[in-house]
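By convention in this document, chain letters (A, B, ...) are assigned in the order of the sequence lines, proteins followed by strands, and residues within each chain are numbered from 1.
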Amino acid sequence: MNSLSVKDFRLDYTLECGQIFRYDKVDGYYFVSHRDSLFKIKQIGNKLYYKNTSKKFLKSFFRLDEDYKKIIKNISKDNHIKRTIKSLYGLRIIKQDPWECLISYLCSSNSNIPKIKKNLNLISKCFGKRITLDGFESYTFPNPGELSHSKKLWSCKVGYRADFIKKVNRSINYSELRSLRKKSYGIAKNRLLQLPGVGEKVADCVLLFSLDKSNAFPVDVWIKRAMQELYFKNKNVSNKEIREFGQSYFGEYAGYANQFLFYNRRLLK
DNA sequence: AGACAGGGGAGTG
DNA sequence: CACTCCCCTGTC
């Protein structure tokens with residue numbers, strides 16, 4: 001078992017806040033599946049204990065080299081967000097693989113977390129390769145280009161999203177997807193919006209969770225509720241207005257503020 | 001048992 | 001903008 005010292009980091013908040021789907025908690029360890037990798041990890045105090053991955057991967061995946069205090073300071077605009085941050089301090093935005101992230105959020109429309117989780121596990125089981133770690137069984141996530149079989153996709157219970165996945169699978173390749181990391185928020189977003197099944201919300205999730213666009217501000221029903229309650233006196237406001245307000249009000253790291261508000265609002269239910 | 005909602009998107013007016 | 005339908009699943 002390897003270990004790694006961390007600060008300003010909470011593994012539980014980071015994994016469970018709804019940004020990632022293929023993980024399971026077994027006997028105190030999180031077993032995390034992402035693309036080709038399967039690793040186990042737990043946190044005790046300020047130490048991470050892990051197996052089947054590397055320090056280098058974990059630092060990148062959990063963005064451990066990012067200046068957390070600077071980000072927190074940057075988004076701490078008022079008492080609402082300060083309170084929220086305080087209760088979830090240590091939550092970080094994971095740097096996901098853009099392909100798995102794109103397919104994940106393609107599955108998320110008109111759905112819910114348990115179902116998205118189920119869909120992704122089925123897709124992996126159906127199209128990926130079996131892998132195990134200490135008795136835990138999982139499957140690799142299929143590669144770009146491998147999701148072209150309609151009937152098999154349908155069997156993964158994704159419903160009408162099967163057609164979106166199939167079309168996205170053939171209309172963007174991995175290198176183009178990855179290259180969006182180097183593009184601006186606007187350029188990258190416009191490219192994603194051309195893909196079938198990708199609207200504002202899905203695009204912003206992919207940008208924030210996998211393409212290094214920390215200013216993206218995805219607006220779903222939970223963020224809408226939280227934002228209207230805290231910043232719009234409970235008035236009904238359009239998603240567009242919420243997004244634009246969120247981005248300009250919180251600034252460069254608006255996506256972090258978004259994730260704090262999102263998870264906090266979901267915990268309240 | 002049947003209605004309904006669940007982390008949207010696309011098409012229409 | 002506002003409205004409707006999209007297919008599936010879990011829940012009451």
Checklist entry - For the pair made of CZ in Phe260(A) and P in dG7(B), what is the distance, rounded to whole Å? => result 21 Å
Next on the checklist: If I take atom OH in residue Tyr105(A) and atom C1' in nucleotide dG8(B), what distance separates them, rounded to the nearest angstrom?
Outcome noted: 13 Å
Checklist outcome for this item: Per nearest nucleotide of DNA chain B, the residue lying toward the 5' end, Gly199(A) or Lys115(A), is Lys115(A)
Checklist entry - When the P atoms of dC7(C) and dT12(B) are considered, how many whole Å apart are they? => result 16 Å
Item to check | Touch class at under 4.0 angstrom, heavy-atom based, for Val198(A) against every strand present | outcome: sugar-phosphate
Item to check | Whole-Å gap separating P (dA2(C)) and CG (Asn239(A)) | outcome: 11 Å
Checklist entry - Which part of the nucleic acid does Pro218(A) contact within heavy-atom distance under 4.0 Å: base, sugar-phosphate only, or nothing? => result nothing
Checklist outcome for this item: Among the nucleotides dA10(B), dC8(C), dG6(B), whichever has the atom closest to the side chain of Trp154(A) is dC8(C)
Next on the checklist: Any N or O donor-acceptor pair under 3.5 Å from the base of dG8(B) to the side chain of Tyr160(A)?
Outcome noted: yes
Next on the checklist: Less than 4.5 Å apart, side chain to side chain, heavy atoms only: is that true for Ser108(A) and Lys201(A)?
Outcome noted: yes
Checklist entry - Can you tell me how far P of dG8(B) sits from CZ of Arg243(A), to the nearest Å? => result 14 Å
Next on the checklist: Please report the distance separating the P of dG7(B) from the corresponding atom of dC1(C), rounded so that it comes out in whole Å.
Outcome noted: 24 Å
Item to check | Base paired to dG2(B) (Watson-Crick or G-U; both N/O distances under 3.5 angstrom) | outcome: dC12(C)
Item to check | Listed nucleotide nearest any side-chain atom of Arg225(A), set dC8(C), dG6(B), dG8(B) | outcome: dG6(B)
Next on the checklist: If we ignore hydrogens and angles and just use 3.5 Å, is the side chain of Asp204(A) paired with the main-chain N or O of Leu207(A) as donor and acceptor?
Outcome noted: no
Next on the checklist: What verdict does the salt bridge (charged side-chain N to carboxylate O under 4.0 Å, His left out) test give for Glu244(A) and Lys240(A), after you've listed the backbone C-alpha separation in whole Å, the side-chain angles of each residue and the deciding distance to 0.1 Å?
Outcome noted: CA-CA 6 Å; Glu244(A) 286 169 356; Lys240(A) 183 173 190 286; 3.0 Å; yes
Next on the checklist: Parallel, tilted or perpendicular, judged at 30° and 60°: which one describes the rings of Tyr249(A) and Phe245(A)?
Outcome noted: parallel
Next on the checklist: Run the salt bridge (charged side-chain N to carboxylate O under 4.0 Å, His left out) test on Asp220(A) and Lys224(A) for me, step by step, so that the C-alpha distance in whole Å, both residues' side-chain angles and the decisive distance to 0.1 Å come before the verdict.
Outcome noted: CA-CA 6 Å; Asp220(A) 56 50; Lys224(A) 191 177 168 102; over 6 Å; no
Item to check | Protein-nucleotide distance (Asn258(A), atom CG; dG7(B), atom C1'), rounded to Å | outcome: 11 Å
Item to check | Distance, rounded to the nearest Å, where Leu106(A) contributes CG and dC6(C) contributes C1' | outcome: 14 Å
Item to check | Gap between atoms CG and C1', on Leu193(A) and dG9(B) respectively (whole Å) | outcome: 11 Å
Next on the checklist: Counting only side-chain nitrogens and oxygens, does Lys157(A) get under 4.0 Å of the OP1 or OP2 atom of dT9(C)?
Outcome noted: yes
Checklist entry - Across all strands shown, which nucleotide pairs with dG7(B) by Watson-Crick or G-U wobble geometry, both distances under 3.5 Å? => result none
Next on the checklist: Nearest to the Cys205(A) side chain among dG7(B), dC6(C), dG9(B), which nucleotide is it?
Outcome noted: dG7(B)
Checklist entry - Nearest of dT9(C), dG9(B), dG7(B) to any side-chain atom of Lys118(A)? => result dT9(C)
Item to check | Between dG7(B) (C1') and Glu16(A) (CD): distance, integer Å | outcome: 17 Å
Checklist entry - From the list dC7(C), dG7(B), dG9(B), which nucleotide is the closest neighbour of the side chain of Arg161(A)? => result dC7(C)
Next on the checklist: Return whichever of Gln259(A) or Pro196(A) has its heavy-atom-nearest nucleotide of DNA chain B closer to the 5' end.
Outcome noted: Gln259(A)
Checklist entry - Is the Lys NZ or Arg CZ of Lys117(A) less than 6.0 Å from the centre of Phe21(A)'s six-membered ring, within 45° of the axis? => result no
